[in-house]
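Presented below is the structure to which this report refers.
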Amino acid sequence: MSLDVYLEVIRPTAIYDANITHNLNKMAGAAGIYKHLWRPEEIGITTAGQLVAPLRAGLALLMAEPERFKAMNPPNGWGSYDNLVKFVNDYLHACEENAEAAVRVSR
């Protein structure tokens, strides 16, 4: 016979992280996903799964009207339509794969 002793702790672990310039906030707003990206806590978003439908819709809108959104590219060159499309696409896939993950943003 023997005795096994364990001290264990569960700690939050980031499973996805990304960064995008705030210069694209107006473009995200026009696509209907500003608060979903920058301020999810203000609209009750707590898990990645809650972001799937709105990000999917925002991405579809961005891709359906590229010229409209490209016209919103920041004049200072920091950020672009292409950057936002890639960011949303990548974030959407991460949310789909990790629906139960907690959402946390830092502004």
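All residue numbers refer to positions in the sequence shown, counting from 1.
By the 4.5 Å heavy-atom criterion applied to side chains, Val103 and Thr46 are not counted as neighbours. Arg56 places a side-chain heavy atom less than 4.5 Å from the side chain of Leu92. Between Leu61 and Arg68 there is a side-chain heavy-atom pair separated by less than 4.5 Å. Looking at Asn83 and Trp78, their side chains never come closer than 4.5 Å, going by heavy atoms from C-beta outward.
With rounding to the nearest 0.5 angstrom, the CG atom of Asp17 is 9.5 Å from the CZ atom of Arg104. With values rounded to the nearest 0.5 angstrom, Arg39 atom CZ is found 4.0 Å from Arg107 atom CZ. In this structure, Ser80 OG and Asn23 CG are separated by 11.0 Å, a value rounded to the nearest 0.5 Å. Atom NZ of Lys70 sits about 11.5 Å away from atom CG of Leu62, to the nearest 0.5 Å. The distance from the CD1 atom of Ile33 to the CE atom of Met27 is 10.5 Å, given to the nearest 0.5 Å. Interatomic distance, Leu84 CG to Asn73 CG, rounded to the nearest 0.5 Å: 9.5 Å.
Results of the side-chain contact (heavy atoms from CB on, under 4.5 Å) test with Phe87 over Asp82, Leu37, Thr21 single out Leu37 as the only residue that passes.
Under the 4.5 Å side-chain heavy-atom criterion for grouping Ile, Leu, Val, Met, Phe, Trp and Tyr, Val52 is connected to Ile43 within one hydrophobic cluster. Cluster annotation: Ile15 and Ile45 are assigned to distinct hydrophobic clusters (Ile/Leu/Val/Met/Phe/Trp/Tyr, side-chain heavy-atom contacts under 4.5 Å, transitive).
The environment of Glu42 atom CD is dense: over 12 non-hydrogen atoms of other residues, nucleotides or ligands sit within 6.0 angstrom.
Aromatic ring orientation, Tyr91 versus Tyr16: parallel (interplanar angle below 30°, classes split at 30° and 60°). Between Tyr81 and Phe69, the ring-plane angle classifies as parallel under the 30° and 60° cut-offs.
The two residues Gly44 and Gln50 make their nearest non-hydrogen contact at O-NE2, 3.5 Å. Nearest heavy-atom pair across Pro74 and Gly79 is CD-O, 3.3 Å.
The backbone N or O of Ala94 sits less than 3.5 Å from a side-chain atom of Asn98, completing a donor-acceptor pair.
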